[in-house]
J.: 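I have a structure here, written as C-alpha cells, and I will follow up with some questions on it.
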Amino acid sequence: LKLGNKDNYYNFLQYSTLHIYFQIVSKSEIFKTSTQTDWTEPHNRVKRGWVWNQFFVLEEYTGLEPLYVGKLHSDMDKGDGSIKYILSGEGAGTMFTIDDNTGDIHAIQRLDREEKAQYILRAQALHRQTGKPLEPESEFIVKIQDINDNEPKFLDGPYTASVPEMSVIGTSVMQLTATDADDPTYGNSARVVYSILQGQPYFSVEPRTGIIRVSLPNMDREAKEHYEVIIQAKDMGGQLGGLAGTTTVNVTLEDVNDNPPRFAQKLYQMSVPESAPVGSIVGRVQAKDLDEGINAEMRYAIIDGDGRDTFDISTDPTNQFGIISIRKKLDFESKRSFTLKVEGANTYLDPRFLNRGPFSDVTIIHVSVEDVDEPPQFDSPHYFVEVPEDVEIGTVFQTVSAKDPDVANNTVRYSIERKSDPGRYFYIDITSGALMTARPLDREELSWHNITVLAMEMNNPTQIGSVSVTIKVLDVNDNPPELAKYYEAFVCENAKAGQLIQTVTAVDLDDPLGGQHFYYSLAPEAANNPNFTLRDNQDNTAWILTRRGGFTQKEQSIYHLPIFITDGDQPMQSSTSTLTIRVCSCDSDGNVMSCTAEAYTLPVSLSRGALIAILACIFVLLVMILLILSLRSQRKKPYLSDEEENVHENIVRYDDEGGGEEDTEAFDIAAMWNPREVHLGKIRQDMLPEIESLSRYVPQTCMGDSNVHGYVLAKLYEADADPCAPPYDSLQTYAYEGEGSVAESLSSLQSVTSNTDHEYDYLSDWGPRFKKLAEMYGVMEANNPLW
C-alpha cells in the first residue's frame, strides 16, 4: 500500500477523515484478479497493466510548487527510462502535467470545485524508442476536494414582506433561504444557520429554517408602519471560522380596522340662500379614520333632525366627505333653520375588533336659510283659457294673480311681454291682472296665442316674475262655404238629358264640432233653368246634370250656372258660386274634340322686316309717352282748396332750404276728423317699445265716466289700443337754414328765399279748425274760455 503525498494526509486529518489512496503495484502478489480466489492455494503471479483508484486533490491550492496529484507506474517499467508515460483527457496539459519518465502527476493551475468538481483523464505507457503501447489505455478520475471558500448568499435580497398589525406572537412573516456554493455532502461547509442582527424585539428568525416571525404582540400600524430587519446566514453550522452573508427584509404592517371614525366637531354651522336650486350643495363634513384603504371607507346618513325631508347627504368615495345637498325647495318665510343629526360609520367591520366599541360617530349640523329678495310668484304655474273668436273688444276672459313671496309683500304690477304678443291682441289691467281682448280675434287667422304675463315689484323693478298663458280661440260660424276650387265643366253637343257633367265639393274655413255639412241648390234665379239641374248627394258633394239634350256651340257656347251653398251650423252662412259650362263637340265615345270656334287666320303673312318696323314704332311711342309723363310730373301741384278740407302736413329734417311740403308724401290730416275710418291695414313706421308702459292703460270702467277727464282718458286708451291710428310722433332736427336765408325763423314757411308761388294763408285759421274738431268729439264747447 502506498499512501499519497503527505500534504493530502494532513488535509485529511484537518477534516477528521482519513482518505487512503490505494495503488496496487503489479509486482505484488498479494491480490489476484480472479473473482474466485482460493486463499488456501499457493499464490500465482498474475500480469496486470494498470491498477489504481481515483485521485483526490484539494481545491484552491496556493503553494509555489505544482500540487502533487498522484503517480502512474507500469510493472514493465525497469527504471531504465525505456517507458514513456502519456496523459490525455480533461485538463491534460493545461490543468495537469505528467513526468513521462516517472509518471508523477501534478496540478499546475488553481483548481475550483465550484467550477468543476472532477476531471476524467486517460493514461498510457509507450515504448520510448518504438512508440508502441506497452499497456492498454486506461481511464481514471481526479476529484477536487471541497474546502470552505464560499459564504452563504441570499439570491433575491433585499426582501419586502408584510404582516397585519396587532398580530400575535409567532405569526409568520416570511421564510428566507441562503445558498452556499460549497459541497453540502462534505463536512459543514454548506451547513447554514440563520440569526437576526437588527429588528429585535419586534421580529425573530428560526436558525435552521430561516422563518421570520413576530416576536412582539399588538404592534400598531398607526404608531409605526415600516420596520427594517437584517438577517445573517452563517455556514460551518454557525461555528467560529464560518463564512457569513446578510440581507435586509423591509417589513410593513398591514392595516386592520381597529380604529373607529371621529368627527372633528360635535356641532357644525352652515347657511344657504333660499333661492338655491334643488340639488345644490350646502356644505361638507368628514369623520376622520386613522385606518386606511377599505378600513377607512365611510358612509354618511341623516339619522334624525327636522331637516331629514329637506336635505340629503351623500358620500364622496375619493375623499370620504359627507356632502349635504338640498332635497326640497327652501323658503325663508316658511322655515328659517334646520337641524340635522349626521352619522359617519365604517362600511367594513373587522370581527376581531368589534369588542372595541361602535365603529361610528355622530355630529349635529345646524343649517340656516338666508332670505333673498324673490320675484313675484303667480298662483298657478300656467294658465289655459278658451275664448270665442267673436268676443267683443275689452271683454275680460281671465284674471291672473301674483304676489311677492318675501316678508315685505311689495305691491305687484302686471304687463304683457310684447314679443309674446306682437299683434297686440290682448291687454292686461296693471293692478288687477285682468286679461282682456284689445283687437278682434280670428280663429281662421290665428287659432292659438301664447302670451307671457309679467309681474313686477313696485319697490324693486328688477324683480319680475312671469307666467305663460295659453289662449285657444274657439270657432264661431262666421265664414260661408265656397266651392273647393274653380270648376269649369263641359257638355257634349250630343249629350242627353240627365247626363252627369260635373261633381262639385265645397270648403269652409270654419271648424264646427260636429264636422262640416253642406247643402247645395241652384240659386233662385236659376231654379227654373231649362238646361241644367243640381242634385245634392247629402255627402257634401253635388252633381250637375243636364236637363235636356241637343246642345250646339252656334246656339250658345258657354253657360253660367249659379250654385247656392249653405252650411249646417248656427248662425247659418251661405254663398253663391258660379259654375262655367262649355259646350264642346265630342266623338261617339264622349271624348271632347273641340270647345271653341275655329280661329281666323290672317290673309297675308307679315315679313320679318315689317314686324321689326312695327315694333320700332311701338318703342318710339312708349318713349314719347314716358317723356310727357315726366314733364307733367315736374309741374307744380295745385293749391289745396279750403272746401276739400284735406291738408297735407309733414315735418322733415332739412339740410338745406328745400321745397317745403312738396319734398315728401305725408299722411292725411283729414284722418284726424274721423279716426274710425282709418285703414286698419296701414303699417306704422314708428318704433314700439319691447314692453309697453305699465301706466298708460285706462280700465274699461272709465268709458262710462260723464266728465270731460274720463272721456278724454277713454279716447286716449282707444288711440293707444289702435296701432294704426295717427298722428305718428316724430322728432325732427333742423341743422341748416339754407343759403341766402335772411329770416329769423328756422321754418321754411316764412323764408324769403322759399318759393313765392306758395301761399300759406290757410294756416291762419288753424284755431277755428281745432275748435271744430273739439266740437265734433265733444271734448269742450266752442265758447269754452280755455280756447
Side-chain angles (χ1 to χ4, degrees), residues 15 114 146-262 288-296 346 348-357 359:
Y15 297 106
E114 286 71 41
D146 181 54
I147 64 172
N148 189 20
D149 60 343
N150 291 279
E151 74 277 3
K153 293 182 179 180
F154 295 92
L155 301 180
D156 299 326
Y159 299 87
T160 58
S162 61
V163 64
E165 63 174 332
M166 301 295 173
S167 295
V168 297
I169 295 176
T171 302
S172 175
V173 179
M174 71 176 303
Q175 182 176 12
L176 299 180
T177 300
T179 59
D180 195 320
D182 294 326
D183 188 359
T185 63
Y186 175 72
N188 294 327
S189 299
R191 190 163 69 89
V192 177
V193 175
Y194 300 93
S195 62
I196 183 168
L197 301 183
Q198 177 180 316
Q200 301 97 335
Y202 308 103
F203 301 96
S204 62
V205 63
E206 293 183 356
R208 290 185 174 275
T209 62
I211 297 176
I212 301 175
R213 298 183 183 276
V214 174
S215 61
L216 185 68
N218 299 326
M219 286 192 293
D220 190 359
R221 184 197 66 85
E222 289 72 35
K224 185 176 181 180
E225 183 177 4
H226 301 286
Y227 295 84
E228 186 179 75
V229 179
I230 299 178
I231 302 296
Q232 175 184 267
K234 190 174 183 181
D235 60 13
M236 296 298 295
Q239 297 178 6
L240 185 64
L243 302 178
T246 61
T247 188
T248 301
V249 182
N250 295 308
V251 181
T252 301
L253 295 184
E254 293 178 346
D255 182 62
V256 297
N257 192 12
D258 59 337
N259 292 282
R262 289 290 179 263
K288 293 187 177 180
D289 194 326
L290 297 178
D291 298 320
E292 64 180 10
I294 189 175
N295 299 313
N346 286 140
Y348 169 76
L349 299 179
D350 194 328
R352 296 175 297 174
F353 304 100
L354 292 179
N355 57 353
R356 295 197 176 190
F359 281 77

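This structure is a prediction, so every number in the text was calculated from the model and none was measured.
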J.: Determine whether Arg221 and Asp258 make a side-chain contact, defined as any pair of heavy atoms from C-beta on separated by less than 4.5 Å.
T.: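 The answer is no, as the side chains (C-beta and beyond) never meet within the 4.5 Å cut-off.
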J.: At their closest point, which heavy atom of Tyr194 faces which heavy atom of Thr177, and how far apart are they?
T.: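 Shortest heavy-atom contact: OH-CA, 3.4 Å.
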J.: Phe203 versus Met219: any side-chain heavy-atom pair under 4.5 Å?
T.: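 Yes; the side chains approach each other to less than 4.5 Å.
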J.: Asn150 side chain to Asp180 main-chain N or O, any donor-acceptor pair under 3.5 Å?
T.: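 Here the side-chain-to-backbone pair does not exist.
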J.: Does the side chain of Met166 come within less than 4.5 Å of Asp220's, by heavy atoms?
T.: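 Asp220 reaches Met166 side chain to side chain.
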J.: Work out which heavy atom in Val205 is nearest to a heavy atom in Ser195; give both atom names and the distance.
T.: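 What the structure gives for the nearest pair is CG1-C, 3.5 Å.
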J.: Going from CG on Leu253 to CD on Glu165, what distance comes out if it is rounded to the nearest 0.5 angstrom?
T.: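 Result: 7.0 Å between the selected atoms.
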J.: Taking Thr248's backbone N and O only, do any of them form a donor-acceptor pair with Glu228's side chain (distance below 3.5 Å, no angle check)?
T.: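 The answer is no, because no donor-acceptor pair under 3.5 Å joins these two groups.
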J.: If you count the non-hydrogen atoms of other residues, nucleotides and ligands that lie under 6.0 Å from NZ in Lys224, is the total more than 12?
T.: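 Correct, the count exceeds 12.
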J.: Please name the pair of heavy atoms, one in Gly238 and one in Val193, separated by the smallest distance, quoted to 0.1 Å.
T.: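 Minimum heavy-atom contact is N-CG2, 3.8 Å.
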J.: Any donor-acceptor pair under 3.5 Å linking the side chain of Gln175 with the backbone of Thr209?
T.: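 The answer is yes, because a donor-acceptor pair under 3.5 Å joins these two groups.
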J.: Find the distance between CG (Leu216) and CD1 (Ile169) and round it off to the nearest 0.5 Å.
T.: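 Answer for the CG-CD1 pair, Leu216 versus Ile169, is 7.0 Å.
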J.: Nearest 0.5 angstrom please: Asn188 CG to Asp182 CG, how far?
T.: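 Answer for the CG-CG pair, Asn188 versus Asp182, is 11.0 Å.
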J.: Checking Asn295 side chain against Asp255 main chain: does a donor-acceptor pair fall under 3.5 Å?
T.: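 Present.
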J.: Is a side-chain N or O of Ser162 found less than 3.5 angstrom from the main chain of Thr252, in a donor-acceptor match?
T.: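 Flag not set: sc Ser162 to bb Thr252 has no pair under 3.5 Å.
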J.: Is a side-chain donor or acceptor of Tyr202 paired with a backbone partner of Val229 at a separation under 3.5 angstrom?
T.: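 Side chain of Tyr202 to backbone of Val229, a donor-acceptor pair under 3.5 Å: no, none is there.
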J.: Quick one about Asp289 and Asn259 (side-chain donor to acceptor, distance below 3.5 Å, no hydrogens or angles considered), yes or no?
T.: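 Checked: Asn259/Asp289 side chains show no N/O donor-acceptor pair below 3.5 Å.
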J.: Nearest 0.5 Å, what's the CZ-CZ distance between Arg208 and Arg191?
T.: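 Rounded to the nearest 0.5 Å, the CZ-CZ separation comes to 6.0 Å.
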J.: Looking only at heavy atoms, what is the nearest atom pair of Ala190 and Pro184, with distance?
T.: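 Closest approach of Ala190 to Pro184, heavy atoms only: CB-CA, 3.6 Å.
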J.: Answer yes or no: is there a side-chain heavy-atom contact under 4.5 Å between Thr246 and Leu197?
T.: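 Yes, at least one pair of side-chain atoms sits under 4.5 Å.
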J.: So which heavy atom on Val256 is nearest to which on Pro164, and how close?
T.: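 Distance-wise, the nearest heavy atoms are CG1-CB, 4.2 Å.
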J.: I need the Tyr159 OH to Ile231 CD1 distance, nearest 0.5 Å.
T.: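 Reported to 0.5 Å precision, the distance equals 11.0 Å.
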J.: Over all heavy atoms of both residues, which pair between Gly242 and Lys234 is shortest? Give the atoms and the distance, please.
T.: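 Where Gly242 meets Lys234 most closely, the heavy atoms are O-CE, 3.6 Å.
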J.: Without swapping roles, check the side chain of Asn257 against the backbone of Asp291 for a donor-acceptor pair under 3.5 Å.
T.: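 Side chain of Asn257 to backbone of Asp291: no pair is present.
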